[in-house]
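Working notes, beginning with the structure itself.
A quick note: this is a predicted structure, and the numbers were derived from the prediction, not measured. Letters go in sequence order (proteins before strands), and every chain restarts at 1.
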2 protein chains.
Amino acid sequence: MPKRDDPRSVETRERLVGAAIELFGLAGFDGTTTRAIADKAGASLAAIPYHFTTKEKLYLAAASSIAEQVTQRLAPALKVLDAEIYSGALSRKKAITLLEESFIPFVTMLASRESEKWARFMLREQAAPTEAFEILYASDVGRFFRNVIHLTAIASGDVPGSQTARIRGLTLVGQALAFRAARALSLRTLEREDLGPEEIAAVTSSIREHIRLLRYL
Amino acid sequence: MPKRDDPRSVETRERLVGAAIELFGLAGFDGTTTRAIADKAGASLAAIPYHFTTKEKLYLAAASSIAEQVTQRLAPALKVLDAEIYSGALSRKKAITLLEESFIPFVTMLASRESEKWARFMLREQAAPTEAFEILYASDVGRFFRNVIHLTAIASGDVPGSQTARIRGLTLVGQALAFRAARALSLRTLEREDLGPEEIAAVTSSIREHIRLLRYL
DNA sequence: GTCTATAGTCGGATAGAC
DNA sequence: GTCTATCCGACTATAGAC
């Protein structure tokens with residue numbers, strides 16, 4: 001879509017993608033107008049068809065951008081996971097420790113201000129997947145989840161790759177996801193307007209406790 | 001909004017609300033056209049302003065209808081919870097058993113075909129709450145969650161009402177919610193097109209195991 | 001490369017016949 | 001109480017000036 005690598009062009013495109021992530025996340029594809037995106041990005045309406053041809057392609061560009069940014073946040077954890085998992089046999093104890101450590105950046109990211117818009121976008125894709133889900137799942141974001149699920153199996157003494165193990169892994173991911181996916185309920189329950197550092201720390205610590213409990217299975 | 005209790009009128013209204021729940025859940029408020037709702041309900045476009053005045057009020061009517069239907073599904077479990085919680089002191093062991101039993105109808109409902117549309121609607125409200133969230137939270141659906149969170153505190157040995165206890169309760173809810181909220185990821189992970197009875201049973205059994213682990217805290 | 005102006009489409013809500 | 005026909009506003013995408 002991009003015609004040239006002119007610095008002006010690159011900057012406009014980035015601003016448009018940033019505005020698109022935020023607005024598509026808030027109101028969905030149809031609920032978001034290209035006018036609103038252009039306004040928020042400080043660009044003209046015509047800049048969108050120029051850079052992205054259609055509204056759909058802008059939506060997919062937003063998904064790719066999210067995949068890149070989330071990957072960046074999870075990169076250190078992912079590097080460790082990859083190395084450990086493919087290096088050979090992993091003891092349950094070691095898997096539990098690795099899982100605990102993986103959830104720190106994951107929960108921290110989930111709680112960050114920036115991830116608010118990413119999460120909204122990705123959760124929308126869960127309920128009604130489009131091509132954007134494929135982009136996300138094919139990225140390192142998908143690989144992170146697959147690694148976490150694999151580790152959960154070892155930590156729990158389940159057969160890796162079995163449905164039981166996969167389901168347990170998903171319930172573990174769900175423990176963190178709840179605070180984004182059921183955000184309104186969470187805030188109401190915790191009597192907060194927003195999740196601050198204390199809450200994030202408490203969530204992380206709670207999930208780590210639950211991970212350690214897996215040793216009793 | 002309903003002008004009369006004419007059987008025809010009631011029926012048209014119900015069909016419109018049913019179509020609204022499904023379509024609003026799929027595409028959100030702005031993504032859903034009143035024309036599509038009228039078509040799906042087999043009514044004319046003019047029937048919507050006639051019965052509900054505005055599209056917005058139809059949206060709220062959809063939320064009320066969901067609250068009623070979900071309440072109906074959870075009513076037996078809720079009755080038991082209410083009776084046990086307000087009857088006096090509850091042992092950890094008893095709290096764990098009650099929690100396990102509460103999650104059976106909860107997960108079963110979450111997995112049911114019908115709840116698919118309810119869940120989509122409610123999860124949308126979590127990301128961008130409107131007045132509809134208040135309707136849902138004020139209903140017995142909200143009370144069910146509050147009871148579950150209270151029970152989790154007792155089951156875990158946490159101080160009921162503490163942030164730690166609330167957070168643990170939310171992570172527990174999240175274990176079940178994951179399969180709806182992160183539906184696309186779940187289906188991909190489980191290599192399924194849909195969650196069948198075997199998967200539901202496995203999810204329930206996995207969560208019950210995790211609830212029983214709370215005794216080690 | 002970015003803008004203003006505009007074409008063409010489709011949305012929600014209303015009017016009035018049945 | 002429900003329908004068809006219609007208004008009016010807002011949307012996406014294009015054309016052409018700068």
Would you kindly give the [atom1]-to-[atom2] distance between [X] and [N], to the nearest whole Å?
{"X": "D6(B)", "N": "dT2(D)", "atom1": "CG", "atom2": "C1'", "value": "11 Å"}
{"X": "H51(A)", "N": "dA13(D)", "atom1": "NE2", "atom2": "C1'", "value": "15 Å"}
{"X": "E11(B)", "N": "dG1(D)", "atom1": "CD", "atom2": "P", "value": "14 Å"}
{"X": "I48(A)", "N": "dT12(D)", "atom1": "CD1", "atom2": "C1'", "value": "10 Å"}
{"X": "R8(A)", "N": "dC3(C)", "atom1": "CZ", "atom2": "P", "value": "9 Å"}
{"X": "I37(A)", "N": "dC11(D)", "atom1": "CD1", "atom2": "P", "value": "12 Å"}
{"X": "D30(A)", "N": "dC11(D)", "atom1": "CG", "atom2": "P", "value": "13 Å"}
{"X": "K55(B)", "N": "dT14(C)", "atom1": "NZ", "atom2": "P", "value": "14 Å"}

Nearest to the side chain of [X], which nucleotide is it out of [options]?
{"X": "S9(A)", "options": "dA13(D), dT2(C), dC3(C)", "value": "dT2(C)"}
{"X": "T54(A)", "options": "dT2(D), dT2(C), dA13(D)", "value": "dA13(D)"}
{"X": "Y50(B)", "options": "dT14(C), dG12(C), dT2(D)", "value": "dT2(D)"}
{"X": "P49(B)", "options": "dC11(D), dT14(D), dT14(C)", "value": "dT14(C)"}
{"X": "T12(B)", "options": "dT2(D), dA15(D), dT14(C)", "value": "dT2(D)"}

Checklist entry - With a distance cut-off below 6.0 Å to the six-membered ring centre and an angular limit of 45° from the axis, does R188(A) pair with Y137(B) as a cation-pi contact? => result yes
[Y]/[X] salt bridge by N-O under 4.0 Å criterion:
{"X": "R183(A)", "Y": "E125(B)", "result": "no"}
{"X": "E22(A)", "Y": "R120(A)", "result": "no"}
{"X": "E199(A)", "Y": "R166(B)", "result": "no"}

Next on the checklist: Please list, in numerical order, the residues of residues 38-45 of chain B that have a heavy atom closer than 4.0 Å to any atom of DNA chain D.
Outcome noted: A43(B), S44(B)
Mind listing the side-chain donor-acceptor pairs of residues 104-119 of chain A below 3.5 Å, one per line with the distance, residues two or more places apart or on another chain?
unit_1, atom_1, unit_2, atom_2, d
T108(A), OG1, I104(A), O, 2.5
S112(A), OG, M109(A), O, 2.9
S112(A), OG, S115(A), N, 3.2
R113(A), NH1, E116(A), OE1, 2.6
R113(A), NH2, D194(A), OD2, 2.8
E114(A), OE1, R73(A), NH2, 2.6
S115(A), OG, M109(A), O, 2.6
S115(A), OG, L110(A), O, 3.0
S115(A), OG, S112(A), O, 3.1
S115(A), OG, R180(A), NH2, 3.4

Checklist entry - Once you round to the nearest 0.5 Å, how far does CG of L23(B) lie from NZ of K40(B)? => result 5.5 Å
Checklist entry - Counting heavy atoms not belonging to E198(B), are there more than 12 under 6.0 Å from its CD? => result yes
Checklist outcome for this item: Walking DNA chain C from its 5' end, the first of A46(A) and A36(B) to be reached, judged by nearest nucleotide, is A46(A)
